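Here the structure is a predicted model, which means the values were calculated and not measured.
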Amino acid sequence: MNFFRVIALFAVSFVPFLNPSRAFSNNNSPINTPFTGKPESPILFNKSREYFDLSDAVNKTMQLQPSILIQKETVSLNAGILRSSSGDFDWRLESFTTYSKDYSPVPSLGAYYNELDSSVVGLKLGKLFRSGLYFEPNLQYSQAQAYVKNEFLQLEPNQPVQKTARLSFLLRVPLLQGLGKKNTAVREISASRELDAARLNLLFKVSQAVQDTALAYWNYLAAFTRLEVLKESEERARSILEKTDSLVKADELAAADIQSVAANLADKESSRISGELAVNEARTSLGQAIGMPYGEIPRIPPPSASFPVLDMKLLAKRLSDSAAYCSIAMSNRQDLQALKKQIEGIEAQVVAARDQLSPALNLELSIGADSAISGSGFQRTTQTFEYRQKSPDWSTGIRFIYPLGNNTARGNLEQVLSRFNQGRIQLMESERTIQSAIMLILSSLIKNAQEIEKADLAVRSYEIAVSNEREKYLMGEATMLNLLYIQDRLDAALLGRISALQGAATNLTRLRYEAGRLVRFENGEGKVDVEDLVTVLVP
């Protein structure tokens, strides 16, 4: 074998970037080691650059994600609705004043008339209690002055100013419809449940946004890692082409040999361009999941996290009890809890709607006293209440109201019953969907671990095959096409392993999300432990 050919191919084989499997055989690789928050491999990441940490991504999400901000406003909206509905039981102050002139004709005088000037001032308080009772104290003051025509046909006072005052109290007691808090305060009860649901949905929106960001981050890390493999493959192909061209020019190889090498480089360049496009798409998806302004998305640095590695034996032990994971989800999923609160609010409306089917039968009690005095002047006004009747007057009565047919109440009951049944069906469907998702994820994680194990084996086997094929080629026992084919198979194995690692990371995140354990909440504030995103949830 020609000495120059051996030296050239030896150089081609050991250019630093010629062995992409280093990113996977190195125990410190960022896709093999636990998350540390720093890039571990100088092959995949340039430490002189800025990196984007997974914890930074999820923390920014909780600050910037529009869906979270919108849900916060929904909480404020529901708080306002609750305050408004509570206003049904506020004391209501009503005051009024009137002044009037009444004219009465005097038949003996033809077109002439007598005159009565009167004024009334009233102050009334009213309050509806949550029990259904209505209480109303009422204070009213009035004065009147009568004028008649004298012999000169002029108006003159007929009698002193008459001043009267009345203090009365009204109590209305519902005997059928509207009795009790569950019937009277239904708007307030329903609004309170809706507020609770809005707060729980806010927590769920946080969990949902964190999951979306974590999945987008894993996709970004996978795209970025694939691109590094594709770049190394392209550089290796370019180096082989350069060396092959040198050998052809030195008449060490036939000119036809360079065609397959050039085609291989073009194919690698095409793959690298596709990889760059995938990175840009993944970066954009990550920025959108976080809620970043569009102009900042292109400046997102490379990822620094590591893909989690699954332990097959540990997985088999932890994932065996699927019922425990479903139980955790039923207890921790905020969307389920929010839906239950909404159903409770609708149930309160059902109770009140049934109450409306009953006739309104109210007992009304009234008690009051009048006082009066004659004369003008401020002092006489203040003395009005000193001259009052000895015993108060009172009245009692029952008012019965019932619309024949009562279609309004019946129709309203049908509507709220339908909404209540819809809510229960939705709750059962949500629980079923969550349980099915958990079962699928648990089985998928087992498959992910098996897939990673086989991908590791494939990478190691192809690394050995590439080394053997290289030696055979140096000895003239294999062609360049054979070597390129085996190297391509190694690249495919490396890319396949990245997909397997991404699938495992995705399912770890989804398992915690489905179980309602992705974000920890303390005093309404969300906190994400990144370690939770790369480890299996223990039931």
Side-chain angles (χ1 to χ4, degrees), residues 58 61-62 65-68 70-71 74-75 78 193-194 196-219 285 288-289 308 310 315 318-347 350 416-449 451 502-521 526 528 532-539:
V58 295
T61 299
M62 289 187 284
Q65 177 51 238
S67 63
I68 296 176
I70 291 173
Q71 188 59 34
T74 302
V75 171
N78 282 273
R193 299 299 182 270
E194 285 291 337
D196 292 339
R199 288 169 175 163
L200 289 167
N201 277 325
L202 173 59
L203 304 184
F204 178 67
K205 282 293 183 182
V206 173
S207 298
Q208 200 172 43
V210 168
Q211 180 204 219
D212 293 343
T213 296
L215 297 184
Y217 189 93
W218 295 134
N219 186 45
S285 297
Q288 291 176 340
L310 302 181
L315 276 179
R318 290 183 174 180
L319 305 183
S320 58
D321 190 0
S322 59
Y325 285 96
C326 292
S327 177
I328 291 174
M330 297 304 103
S331 301
N332 290 275
R333 280 289 291 260
Q334 296 89 359
D335 56 331
L336 292 182
Q337 298 173 20
L339 187 53
K340 290 177 182 178
K341 289 293 183 181
Q342 291 175 329
I343 293 174
E344 289 177 9
I346 299 174
E347 187 175 16
V350 171
V416 293
L417 275 175
S418 177
R419 291 174 52 207
F420 178 69
N421 291 330
Q422 288 177 10
R424 290 197 302 178
I425 295 171
Q426 184 180 352
L427 177 61
M428 290 188 293
E429 175 63 13
S430 297
E431 291 175 343
R432 187 182 69 87
T433 301
I434 292 171
Q435 291 169 346
S436 299
I438 288 176
M439 297 290 290
L440 179 60
I441 293 171
L442 293 179
S443 62
S444 297
L445 280 171
I446 297 294
K447 297 298 182 182
N448 290 143
E451 185 181 10
Q502 180 187 1
T506 296
N507 282 322
L508 286 177
T509 300
R510 290 183 59 223
L511 178 60
R512 287 189 179 271
Y513 165 76
E514 294 292 347
R517 297 283 292 275
L518 183 61
V519 182
R520 302 176 185 181
F521 295 98
V528 180
D532 291 343
L533 298 175
V534 294
T535 57
V536 180
L537 172 65
V538 180

query = Taking it one step at a time, do Leu203 and Gln71 satisfy side-chain contact (heavy atoms from CB on, under 4.5 Å)?
reply = CA-CA 9 Å; Leu203 304 184; Gln71 188 59 34; over 6 Å; no
request  = Kindly give the heavy-atom pair with the smallest separation between Gln288 and Gln65, and that separation in Å.
outcome  = O-NE2, 3.6 Å
task = Look up atom CG in Leu417 and atom CD in Gln422, then write down how far apart they are to the nearest 0.5 Å.
result = 11.0 Å
Distance, nearest 0.5 Å, that separates CE of Met428 from CD of Glu431 = 8.5 Å
remark   = d(Leu442 CG, Cys326 SG) to nearest 0.5 Å is 7.5 Å
inquiry  = Quick one, Gln426 and Ile343 - any side-chain contact, counting heavy atoms below 4.5 Å?
reply    = no
inquiry  = Would you say that Leu336 contacts Leu427 through its side chain, given a criterion of any heavy-atom pair below 4.5 Å between the two side chains?
reply    = yes
inquiry  = For Gly503 versus Asn448, what's the shortest heavy-atom pair and its separation?
reply    = O-OD1, 3.5 Å
note = Heavy-atom nearest pair, Val416 first then Ile346, reads O-CG2, 3.6 Å
query = Asp532 and Arg517: side-chain contact (heavy atoms from CB on, under 4.5 Å), yes or no, with the steps?
reply = CA-CA 9 Å; Asp532 291 343; Arg517 297 283 292 275; over 6 Å; no
key: Residue pairs, two or more places apart or on separate chains, that pass side-chain hydrogen bond (donor to acceptor under 3.5 Å, both in side chains) and touch residues 330-339   = Arg333-Asp335, Arg333-Glu514
key: Under the side-chain hydrogen bond (donor to acceptor under 3.5 Å, both in side chains) test, residues paired with Arg199 that sit two or more places apart   = none
side-chain contact (heavy atoms from CB on, under 4.5 Å) evaluation trace for Ile68 with Leu202 = CA-CA 7 Å; Ile68 296 176; Leu202 173 59; 4.1 Å; yes
inquiry  = So which atom in Ala515 and which in Leu537 form the shortest heavy-atom distance, rounded to 0.1 Å?
reply    = CB-CD2, 3.6 Å
key: Closest contact, heavy atoms only, Val538 versus Tyr325   = CA-OH, 4.3 Å
request  = Would you check, one step at a time, whether the test side-chain contact (heavy atoms from CB on, under 4.5 Å) holds for Gln342 with Glu194?
outcome  = CA-CA 6 Å; Gln342 291 175 329; Glu194 285 291 337; 3.8 Å; yes
query = Are side-chain heavy atoms of Leu508 and Leu533 found at a separation under 4.5 Å?
reply = no
query = Can you check whether Thr74's main-chain N or O pairs, donor with acceptor, with Asn78's side chain at less than 3.5 Å?
reply = yes
query = Which pairs with one or both residues in residues 200-216 pass side-chain hydrogen bond (donor to acceptor under 3.5 Å, both in side chains), sequence neighbours excluded?
reply = Thr61-Thr213
inquiry  = Testing the basics here: between Ala329 and Ile434, what is the closest heavy-atom pair and its distance to 0.1 Å?
reply    = CB-CG2, 3.8 Å
inquiry  = With rounding to the nearest 0.5 angstrom, report the CZ to CZ distance, Arg512 to Arg520.
reply    = 7.0 Å
key: Distance, nearest 0.5 Å, that separates CD1 of Ile441 from OG of Ser322   = 12.5 Å
message = Distance check, rounded to the nearest 0.5 Å: Thr506 atom OG1 versus Asn219 atom CG?
response = 7.5 Å
key: Note, Phe521 side chain near Val206 side chain (heavy atom, < 4.5 Å)   = yes
query = So with a 6.0 Å cut-off around CE of Met330, is the heavy-atom count from everything else above 12?
reply = yes
